[in-house]
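The chains referred to below are lettered A, B, ... by the order of the sequence lines, with proteins before strands, and numbering in each begins at 1. The structure displayed is predicted, hence computed values, not measured ones.
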Protein chains: 2
Amino acid sequence: MMASSGTGPRRVTIDDVARAVGVSRQTVSRALNDKGEIEASTKQRVLDAALELGYRPSRFARGLVRQDTTSVGLVIPDLLNPFFTEVAAAALEAARARGWHVVVYDTGDRVEEERGTLEVIASQVDAVVGYLTLPEDEIDKLTRGLPVVLIDREQRAERFSAIRIDGEAGVHAAIRHLVDAGHRHIGMLDHAARSEPSIRHTWFDAAMSACGLDSGTVSRADQSIEGGENALERLLAEHPDVTAVFTFNDIIAIGALRAARRLGRQVPQDLAVIGFDGLRLGTLVEPPLSTVALDTRELGALAVEEAGRLLTRSGPLSHDEAAVKAELRLSGSA
Amino acid sequence: MMASSGTGPRRVTIDDVARAVGVSRQTVSRALNDKGEIEASTKQRVLDAALELGYRPSRFARGLVRQDTTSVGLVIPDLLNPFFTEVAAAALEAARARGWHVVVYDTGDRVEEERGTLEVIASQVDAVVGYLTLPEDEIDKLTRGLPVVLIDREQRAERFSAIRIDGEAGVHAAIRHLVDAGHRHIGMLDHAARSEPSIRHTWFDAAMSACGLDSGTVSRADQSIEGGENALERLLAEHPDVTAVFTFNDIIAIGALRAARRLGRQVPQDLAVIGFDGLRLGTLVEPPLSTVALDTRELGALAVEEAGRLLTRSGPLSHDEAAVKAELRLSGSA
DNA sequence: TTGAAAGCGGTACCAA
DNA sequence: TTGGTACCGCTTTCAA
């Protein structure tokens with residue numbers, strides 16, 4: 001006989017177990033939760049019956065009554081992008097330290113998926129941490145008061161907490177380094193996704209003029225290795241005199257490295273490359289990548305920390321605390 | 001004034017909102033869930049009050065009554081290990097397609113963390129998918145009837161569903177390829193974590209003898225790039241005549257590539273290297289890695305599929321279906 | 001040691 | 001359009 005409402009067999013409840021053993025449900029509860037106040041033999045009979053019947057307590061019922069367990073949603077555009085892999089790993093680690101559960105959502109770089117995720121997430125988690133691209137008012141509408149921590153939101157976040165990446169000094173140091181090495185024609189591979197130039201681009205421009213150079217030539221790259229390859233090829237085709245490039249991130253930089261090799265340009269002799277992020281991956285390529293590096297573990301940890309503060313209403317991080325610094329880390333490519 | 005039981009302010013319930021507006025809780029529920037049967041003005045008043053009071057519905061209470069939403073736990077040893085990154089991304093994608101939520105646990109390669117995770121997971125998810133290292137009876141004890149799908153469990157899983165990696169033919173093809181290229185002294189870098197040789201090692205031995213060669217020399221490597229570097233150095237120090245190596249996985253192979261470069265051995269001329277897994281990362285290194293490749297997306301998808309079958313009791317995948325084939329993919333390194 | 005009853009915070013079904 | 005009531009499945013008092 002099938003039971004109930006279409007969604008497969010009715011679930012086995014604590015009452016079923018109690019009935020089978022001929023005890024009350026409290027007794028079952030005691031047995032299952034290793035409370036004392038129960039005779040060993042009774043406990044064993046309950047446990048046996050529970051196993052027999054395939055009983056498993058409802059997490060909702062349990063969660064409803066003992067209000068512990070907090071879980072946060074982690075929303076990222078693409079887990080296979082090493083930057084987000086590192087951030088996710090860091091967030092998982094920080095959450096584990098607090099005994100939190102992390103529900104991960106990979107939106108696959110699609111806005112509709114981000115929207116869909118936010119729509120459904122409110123009923124699943126106590127707070128959201130994420131790299132979100134939707135406008136703030138839309139996020140607000142979808143999350144309805146759920147604590148939200150934005151990661152690396154370039155536009156100043158007005159209504160939400162955010163962990164910023166402060167790479168201004170790092171980028172300045174990077175350009176200064178290139179200039180000191182004699183480079184005069186420095187290009188940038190910015191990322192193409194957004195309509196306006198990135199903040200990193202702004203930092204680049206400022207650093208260039210601080211070094212007395214005209215603003216460099218810029219090519220836009222998809223956030224992928226192929227994107228970096230294509231962008232560098234375009235840049236060099238139009239401006240063959242460029243001898244150094246700064247890139248929006250390490251992924252693009254690695255693409256640039258590959259393109260340079262293909263074009264027969266030796267790095268760093270013929271072309272110097274400096275990335276941004278400081279990914280582990282950058283240490284594996286040849287030559288190892290010079291980059292404006294940030295501590296992704298700290299980034300993830302801060303985001304989780306801030307979520308915790310919002311949850312306990314213990315006051316958000318200060319503007320300065322809510323940022324990770326990115327600093328120049330020289331290696332083989334520049 | 002602080003309220004109640006130490007765990008911060010008492011939560012705002014639907015009754016609080018109802019009271020504030022002067023309606024019943026059902027009316028509040030209707031307003032919040034966009035049901036019809038409510039006057040627009042009433043709805044607005046409710047929504048305003050809810051926002052005002054900072055009301056957010058309890059996911060437990062809601063989940064308790066409408067028994068939809070399934071969530072699975074994904075347990076992996078190390079998200080930063082690219083193999084698991086790919087598997088996780090694949091699992092997330094497959095889960096998203098079904099509207100499932102995925103709670104991710106990174107045990108950091110520590111058994112105690114794996115145990116702790118399993119202990120707590122039963123009350124959080126409807127099923128577990130994971131790369132688990134604990135013995136089956138212990139997993140059984142900790143998960144107590146929760147559907148469990150093991151990924152790439154080398155020992156034949158008796159009590160649990162598992163998705164296997166079938167690389168026997170692929171490894172055979174790899175060794176055959178090396179032999180055809182003239183290699184006679186072929187080594188293997190197996191992984192060091194477990195006490196017994198891996199199945200991949202077994203395949204290697206079988207392939208070697210099928211090619212009429214004595215079983216190759218083996219060095220054991222930690223599952224990391226450094227591990228691969230060290231292991232290759234040891235192997236070549238003891239057996240300088242080795243001209244080709246097969247490795248437990250791509251990570252170790254990439255380490256081997258780096259060590260070879262450092263030792264002044266040209267790849268593939270002086271040393272041929274073939275990995276296992278077919279990671280995206282392998283295409284980025286120089287030379288690009290030849291490898292016995294499997295489809296990690298399929299691996300993740302199958303695991304989720306199997307979890308779904310267990311959940312709906314619709315019969316597990318057959319032994320053949322529950323495996324992904326790994327096949328030789330030649331590239332620059334061999 | 002065991003059981004009865006009262007919630008936990010919602011939604012669904014009915015009657016008003 | 002609204003409200004009353006039962007109930008989802010479990011744990012926590014409090015009596016027995």
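Inspection of the A:Ser41 and A:Gln44 side chains reveals no N or O donor paired with an N or O acceptor under 3.5 Å. Using a 3.5 Å distance cut-off with no hydrogens or angles, the side chains of A:Thr117 and B:Arg96 do pair a donor with an acceptor. For the residue pair A:Gln124/A:Ser71, the side-chain donor-acceptor check at 3.5 Å is not satisfied.
The residues B:Arg309 and B:Glu305 are annotated as salt-bridged, a charged nitrogen and a carboxylate oxygen being separated by less than 4.0 angstrom.
Considering only side-chain N and O atoms, B:Arg62 lies under 4.0 angstrom from the phosphate OP1 or OP2 of C:dT11. For C:dG3, the OP1/OP2 oxygens have a side-chain nitrogen or oxygen of A:Thr27 closer than 4.0 Å. Within the 4.0 Å cut-off from OP1 or OP2 of C:dG3, at least one side-chain nitrogen or oxygen of A:Ser24 is found. Of the side-chain N and O atoms in A:Thr42, one or more sit less than 4.0 angstrom from OP1 or OP2 of C:dT2. For the pair B:Ser29 and C:dT11, the criterion of a side-chain N or O lying under 4.0 Å from OP1 or OP2 is met.
The CZ atom of A:Phe60 sits 16 Å away from the C1' atom of D:dC7 (whole-angstrom rounding). Regarding B:Lys35, its NZ atom lies at a distance of 16 Å from the P atom of D:dT2, rounded to whole Å. Protein atom CG of B:Asp34 is 14 Å distant from nucleotide atom P of D:dT1, rounded to whole Å. In this structure, CD1 of B:Ile14 is placed 12 Å from P of D:dG3, rounded to the nearest angstrom. As a whole-Å value, the separation of B:Arg11 CZ from C:dC8 P is 12 Å. Distance, B:Tyr55 OH to C:dG9 P: 10 Å, rounded to whole Å. Remark: P of C:dT1 and CZ of A:Arg45 are 15 Å apart, rounded to the nearest angstrom. The distance between atom CG of B:Asp15 and atom P of D:dT5, rounded to the nearest whole Å, is 14 Å.
Applying the 3.5 Å distance criterion, the base of D:dG4 shares no donor-acceptor pair with the side chain of B:Arg25. Residue B:Arg59 places no side-chain atom within donor-acceptor reach of the base of C:dG9, judged by atom type and a 3.5 Å distance cut-off alone.
None of B:Val149, B:Leu132, B:Asp140, B:Leu310 except one satisfies the side chain to side chain contact (heavy atoms under 4.5 Å, CB included) rule with B:Phe160; the exception is B:Asp140.
The residue A:Glu37 sits close to a base: some heavy atom pair falls under 4.0 Å.
Side-chain proximity of A:Ala61 to the nucleotides D:dG9, D:dT11, C:dG10 is greatest for D:dG9. If you check D:dT5, C:dG10, D:dT2 against the side chain of B:Gln26, the one that comes closest is D:dT5. The side chain of B:Glu39 lies closest to D:dT1 when the candidates are D:dG9, D:dT11, D:dT1.
Sorted by first and then second residue, the ring pair (Phe, Tyr, Trp, His ring centres under 6.0 Å) pairs involving residues 104-155 of chain B (not counting sequence neighbours) are A:His101-B:Tyr105, B:Phe84-B:Tyr131.
Where A:Ile38 and B:Val12 each meet DNA chain C at their nearest nucleotide, the meeting point lying more 5' is that of A:Ile38. Ranked by how close their nearest DNA chain D nucleotide is to the 5' end, B:Val65 and B:Arg30 are led by B:Arg30.
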